[in-house]
Protein chains: 2
Amino acid sequence: MSIDFINYLNQVSPLSKEAEEDILPRIKTKSFKKGQVINSEGQICKNLFYIDKGLVKHYYYHKDRVFILRFFSETNLFTVLDSFANQTPSKFITIALEDTETSTIDYADFEELCKKHHSFETFSRKLYTMAAVVNLKRIKEMFDADASELYKEFINENQHLLQRISLGDTASYLGISQVTLSRIRAKK
Amino acid sequence: MSIDFINYLNQVSPLSKEAEEDILPRIKTKSFKKGQVINSEGQICKNLFYIDKGLVKHYYYHKDRVFILRFFSETNLFTVLDSFANQTPSKFITIALEDTETSTIDYADFEELCKKHHSFETFSRKLYTMAAVVNLKRIKEMFDADASELYKEFINENQHLLQRISLGDTASYLGISQVTLSRIRAKK
DNA sequence: ATGATTTTTTAACATAGGTAAAAAAAGTAT
DNA sequence: ATACTTTTTTTACCTATGTTAAAAAATCAT
């Protein structure tokens with residue numbers, strides 16, 4: 001829903017009335033079936049998505065192994081960060097893990113809104129700040145936690161998603177093999 | 001030098017004349033001796049620094065091991081990302097690896113400049129975008145590279161710093177022990 | 001230059017986690 | 001319910017990298 005999207009934006013950083021009115025008509029909805037590719041490797045990501053419903057994973061292959069950078073679920077924004085920001089080909093693949101409904105604005109509109117509305121520019125700054133901080137946190141986690149701690153943290157922070165994400169995907173998110181994850185789970 | 005700082009900002013995103021004039025008087029210089037702590041753990045980072053000269057490392061301890069998140073050298077900006085952005089206590093330590101001279105603006109000024117000047121807000125957005133993208137890249141590297149690839153990449157991307165960073169620090173940046181790094185180097 | 005300190009390498013050993021393959025369990029469809 | 005598919009666990013084996021300690025090399029100070 002466009003309204004939820006706008007509410008989300010306002011929550012990150014309050015928008016001016018003019019900005020709000022300028023955003024609304026630019027919001028489009030896009031739906032994806034379970035398993036459908038939302039953005040493929042090499043493709044430039046042209047949208048900022050707000051997930052109204054569903055679950056998405058953001059991953060890539062390296063030497064036959066799968067690495068998942070992040071999951072995104074309802075009431076959250078997502079995009080392919082560097083691809084969207086710099087309009088460069090994505091190094092990652094984004095697919096729907098469940099039937100997913102999104103509200104989106106595209107890059108051209110996003111840039112125009114930034115230019116026209118200081119309050120939207122402020123929102124963008126906050127958005128990217130959050131992204132940078134989340135990524136920094138992830139780096140720290142990857143550094144200092146061994147696999148079993150990582151799993152413990154993952155469980156704590158993603159309780160609402162646990163039933164919806166397979167152990168294989170969880171392992172790929174943690175950067176370990178599924179066998180290792182099974183071993184970790186067995187020790188408890 | 002204030003001029004270099006301003007030039008750097010303009011390079012990231014062009015500033016309006018008014019913004020430039022408003023920034024200049026807010027820039028202060030700060031110098032640090034080799035080994036001096038610039039921002040300690042638990043301390044809120046109140047400055048955005050531009051390095052005129054020198055080298056800085058950004059690290060933390062975990063279970064007696066040292067992990068280095070990043071090095072910053074001359075003609076680059078640095079701050080303690082989440083601590084500065086959210087004015088929360090830093091989880092990291094920042095120290096000078098060499099005698100270091102910086103030009104800085106503090107958080108209050110930074111926020112005021114964002115509020116007053118759309119062009120400065122745009123600069124900030126770009127800055128955080130760059131930070132987010134760099135962090136994303138680092139996550140990917142940590143995921144998919146084994147230690148010897150990581151070292152190879154590090155050499156490529158930091159040739160200018162190689163003579164200035166000890167192998168111990170390099171190992172801490174790569175997230176491996178110095179012994180492992182020595183082994184990697186031996187195999188060539 | 002000489003000795004003291006720091007950095008880097010080497011050696012010996014321990015362990016976390018990878019791969020491959022099979023077994024078990026859970027989920028889905030007819 | 002039965003068979004088929006997918007997910008998860010278990011086993012066996014192997015490798016990369018950690019730890020500790022000592023040797024070697026490089027750097028620094030008087």
Side-chain angles (χ1 to χ4, degrees), chain A residues 33-36 55 57 59-68 71 95-99 138-155 158-159 161-188, chain B residues 33-36 55 57 59-68 71 95-99 138-155 158-159 161-188:
Chain A
K33 286 263 159 246
K34 175 175 175 172
Q36 190 179 344
L55 178 63
K57 80 172 165 184
Y59 69 105
Y60 68 101
Y61 290 95
H62 181 76
K63 297 187 180 168
D64 288 335
R65 288 182 68 188
V66 175
F67 295 94
I68 297 177
F71 301 100
I95 71 164
L97 283 178
E98 304 172 351
D99 291 354
R138 183 112 153 91
I139 292 170
K140 185 171 185 305
E141 280 171 7
M142 289 173 73
F143 257 142
D144 62 28
D146 64 34
S148 83
E149 290 172 54
L150 275 180
Y151 181 57
K152 218 184 295 173
E153 282 184 49
F154 180 79
I155 289 176
N158 297 283
Q159 255 147 351
L161 293 181
L162 280 187
Q163 304 74 0
R164 295 159 71 186
I165 297 176
S166 73
L167 290 180
D169 273 353
T170 300
S172 297
Y173 177 83
L174 302 178
I176 60 179
S177 71
Q178 188 174 330
V179 175
T180 300
L181 181 54
S182 262
R183 278 195 280 244
I184 289 167
R185 285 160 55 85
K187 278 187 207 144
K188 281 189 208 164
Chain B
K33 287 263 159 248
K34 175 175 173 171
Q36 191 179 343
L55 179 63
K57 81 172 164 184
Y59 69 105
Y60 68 100
Y61 289 94
H62 181 76
K63 296 187 180 167
D64 288 335
R65 288 183 67 188
V66 176
F67 295 94
I68 297 177
F71 300 101
I95 71 164
L97 283 179
E98 304 173 351
D99 291 354
R138 183 112 153 90
I139 292 170
K140 185 171 184 307
E141 280 170 9
M142 289 174 72
F143 257 141
D144 62 27
D146 64 36
S148 83
E149 290 173 54
L150 275 180
Y151 181 57
K152 218 184 296 171
E153 281 184 48
F154 180 79
I155 288 177
N158 297 283
Q159 254 147 352
L161 293 181
L162 280 187
Q163 305 74 359
R164 296 159 71 186
I165 296 176
S166 72
L167 290 180
D169 273 353
T170 301
S172 297
Y173 177 83
L174 302 177
I176 61 178
S177 72
Q178 187 174 329
V179 175
T180 300
L181 181 53
S182 262
R183 278 195 281 243
I184 289 166
R185 285 160 55 85
K187 278 187 207 149
K188 280 189 210 168

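Values below: all heavy atoms of this structure, side chains included; hydrogens, waters and symmetry mates excluded. Just so we're on the same page: letters track the sequence lines, and every chain starts at 1.
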Atom pair distance, as rounded to whole Å: [atom1] in [X] and [atom2] in [N]:
X: B/Phe143; N: C/dG17; atom1: CZ; atom2: C1'; value: 15 Å
X: B/Asp146; N: C/dT19; atom1: CG; atom2: P; value: 12 Å
X: B/Leu174; N: D/dT17; atom1: CG; atom2: C1'; value: 13 Å
X: A/Lys34; N: C/dG27; atom1: NZ; atom2: P; value: 13 Å
X: A/Leu181; N: C/dA16; atom1: CG; atom2: P; value: 16 Å
X: A/Gln178; N: D/dT10; atom1: CD; atom2: C1'; value: 12 Å
X: B/Leu167; N: C/dT9; atom1: CG; atom2: C1'; value: 10 Å
X: B/Ile176; N: D/dG18; atom1: CD1; atom2: P; value: 6 Å

Contact under 4.0 Å: B/Thr180 side-chain N or O vs D/dG18 OP1/OP2: yes
Donor-acceptor under 3.5 Å (A/Asp99 side chain, A/Lys34 main chain): yes
Main-chain N/O of A/Ser172 paired to A/Tyr59 side chain as donor or acceptor, under 3.5 Å: no
Donor/acceptor link under 3.5 angstrom from B/Arg183 side chain onto base of D/dG18: yes
Side chain to side chain contact (heavy atoms under 4.5 Å, CB included) between A/Met142 and B/Phe143, worked out: CA-CA 9 Å; A/Met142 289 173 73; B/Phe143 257 141; 3.8 Å; yes
For B/Ala147 against B/Ile176, the heavy-atom pair lying closest together: CB-CG2, 3.8 Å
A/Leu174 versus A/Leu150, closest heavy-atom pair with distance: O-CD1, 3.7 Å
B/Arg185, nearest nucleotide to its side chain (from D/dT17, C/dT9, D/dT9): C/dT9
Which nucleotide in D/dT17, C/dG17, D/dT19 has an atom nearest any side-chain atom of B/Ser177: D/dT19
Earlier contact from the 5' end, DNA chain C, for A/Ala147 and A/Val179: A/Ala147
Sugar-phosphate only, base, or nothing, as touched by A/Ser182 at under 4.0 Å among non-hydrogen atoms: base
